[in-house]
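Accompanying notes for the structure given below.
Quick caveat: nothing in here was measured; it's all calculated off a predicted structure. Atoms within a ligand are numbered from 1 in the order they appear, just like the ligands themselves.
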Amino acid sequence: TRTTRPQRLLRAVQKNATRNNPLSVISAIDDFCRHREWAMNVGDEKGFILDSVVNEVSPVTALELGAYCGYSAVRIARLLPPGACLITLEFNPDYAAIARQVIAWAGLEDKVQLVEGASGDWIPRMKEHFGIETFDFVFLDHWKDSYLPDTKLLEECGLLRKGTVLLADNVICPGAPDYLEYVRKSLSYESRFFKSHLEYTKAEDGLEKSVYLS
Ligand SMILES: CNc1ncnc2c1ncn2[C@@H]1O[C@H](/C=C/CNC(=O)c2cc(-c3ccc(F)cc3)cc(O)c2O)[C@H](F)[C@H]1O
Ligand SMILES: [Mg+2]
């Protein structure tokens with residue numbers, strides 16, 4: 001096919017969503033993925049849980065690992081308080097280009113800093129490059145075998161503080177078993193599972209919310 005799925009998803013946003021209206025962008029993507037082509041966005045059901053955790057934390061500094069097409073960046077950024085910002089890391093240039101346009105269509109470019117690069121390279125540079133002391137909130141939705149190494153890297157770089165909330169997508173499907181075992185056994189985290197379903201399907205999935213206790 002000439003176009004890629006992310007390009008068709010972006011076209012659906014530009015056709016069906018209203019500029020500067022984040023909710024219409026979210027709905028356009030959910031409709032596209034439910035009725036046209038499935039895509040690995042966190043989706044509406046798990047997205048509702050994501051929203052409630054973001055509202056509870058009300059983060060001033062937020063980090064997302066894995067932007068893909070920008071769906072969860074829009075979900076998170078639309079809820080951020082004034083002056084707050086989301087840094088989202090995406091190392092696939094094609095996905096990064098689509099995500100930038102989705103975020104711009106939603107009118108949220110001032111609240112989101114999309115960094116085209118790998119988490120392993122950029123997490124150690126958060127302090128000196130972005131002036132970040134610690135993150136209030138981290139959403140993990142990138143390669144599932146990278147959840148654990150990147151969490152340990154965030155700890156080692158001193159980017160987590162007492163009360164930082166980590167929220168991980170897909171802890172059942174596709175699954176992140178080593179990450180789950182770590183946050184559930186470690187005395188440094190208070191962890192809780194939110195049962196849900198794989199985006200746009202009836203398959204079991206869920207989010208793991210883990211509070212860093214330092
Ligand atoms: C490793 N460091 C990285 N740094 C920056 N960007 C990264 C990095 N690693 C990946 N990326 C970037 O983060 C994204 C990766 C998302 C991966 N997500 C999934 O695989 C995933 C899969 C399913 C799924 C479930 C059932 C099924 F039958 C088929 C699929 C559902 C989900 O919700 C998912 O999130 C992006 F693609 C990649 O470039
Ligand atoms: Mg996911």
Audit row: Y71, D30, side chain to side chain donor-acceptor pair (under 3.5 Å) steps and yes/no: CA-CA 9 Å; Y71 174 89; D30 286 331; 2.9 Å; yes

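- Scanning all protein heavy atoms for the shortest distance to atom 39 (O) of ligand 1 gives E90 OE2, 2.5 Å.
- Crowding of E190 atom CD: a count of heavy atoms from other residues, nucleotides or ligands under 6.0 Å not exceeding 12.
- Backbone and side-chain nitrogen or oxygen atoms of K144 are examined, and one is located within less than 3.5 angstrom of a nitrogen or oxygen of ligand 1.
- The distance from the CD1 atom of I123 to the CG atom of L153 is 5.0 Å, given to the nearest 0.5 Å.
- Counting heavy atoms from C-beta outward, M126 and L89 have side chains that approach closer than 4.5 Å.
- Residue D169 approaches ligand 1 through these ligand atoms, each under 4.0 Å from one of its heavy atoms: 33 (O).
- Electrostatic pairing of E133 and R161 does not count as a salt bridge here, judged by no charged N lying under 4.0 Å from a carboxylate O.
- Ranking the protein heavy atoms by distance from atom 22 (C) of ligand 1 puts P174 CG, 3.6 Å first.
- The distance from ligand 1 to the heavy atoms of E199 drops below 4.0 Å at these ligand atoms: 31 (C), 32 (C), 33 (O).
- Atom 12 (C) of ligand 1 is flagged as protein-proximal [any protein heavy atom, distance under 4.0 Å].
- Which parts of ligand 1 touch L89 is read off a 4.0 Å heavy-atom cut-off, strictly below it: atoms 5 (C), 6 (N).
- To the nearest 0.5 Å, the span separating CG on L159 from CG on L63 amounts to 8.0 Å.
- Aromatic rings from H142 and Y147 are positioned such that their centres are separated by under 6.0 Å.
- Considering only non-hydrogen atoms, atom 2 (N) of ligand 1 lies nearest to S119 out of S119, G117, G66.
- Ion pairing between E155 and K152 fails under the 4.0 Å rule for side-chain N and carboxylate O.
- Hydrophobic clustering (ILVMFWY, side-chain heavy atoms < 4.5 Å, transitive): Y200 and F48 are in distinct clusters.
- Scanning the protein heavy atoms around atom 28 (F) of ligand 1, the nearest turns out to be L198 CD2, 4.9 Å.
- Atom CG of residue L166 and atom OG of residue S191 lie 8.5 Å apart, to the nearest 0.5 angstrom.
- Exactly one residue among L148, L140, D141 makes a side-chain contact (heavy atoms from CB on, under 4.5 Å) with K144. That residue is D141.
- If you check which protein heavy atom lies closest to atom 34 (C) of ligand 1, you get N170 OD1, 3.3 Å.
- When only non-hydrogen protein atoms are considered, atom 6 (N) of ligand 1 lies nearest to F91 N, 3.2 Å.
- Annotation: the span from E45 atom CD to K202 atom NZ amounts to 10.0 Å, rounded to 0.5 Å.
- For atom 1 (C) of ligand 1, the closest heavy atom belonging to the protein is S146 OG, 3.4 Å.
- Within the 4.0 Å heavy-atom criterion, neither part of L65 lies near ligand 1.
- Under 4.0 angstrom from ligand 1, the non-hydrogen atoms of D141 come from both its backbone and its side chain.
- Within the 4.0 Å heavy-atom cutoff, W38 counts among the residues contacting ligand 1.
- Nearest protein heavy-atom contact of atom 37 (F) of ligand 1 is Y95 CE1, 3.2 Å.
- In this structure, A118 is part of the shell of residues with a heavy atom less than 4.0 angstrom from ligand 1.
- When hydrogens are left out, the protein atom nearest atom 15 (C) of ligand 1 is W143 CZ3, 3.3 Å; that is the closest non-hydrogen contact.
- Looking at E204 and K195, a side-chain N of the basic residue comes within less than 4.0 Å of a carboxylate O on the acidic one, giving a salt bridge.
- The number of protein N/O/S atoms found under 2.8 Å from the Mg ion (ligand 2) is 3.
- Judged by the shortest distance from any of its heavy atoms, A203 lies outside the 4.0 Å radius around the atoms of ligand 1.
- To the nearest 0.5 angstrom, E64 atom CD is 11.5 Å from I87 atom CD1.
- Atom CZ of R184 and atom OH of Y189 lie 14.5 Å apart (nearest 0.5 Å).
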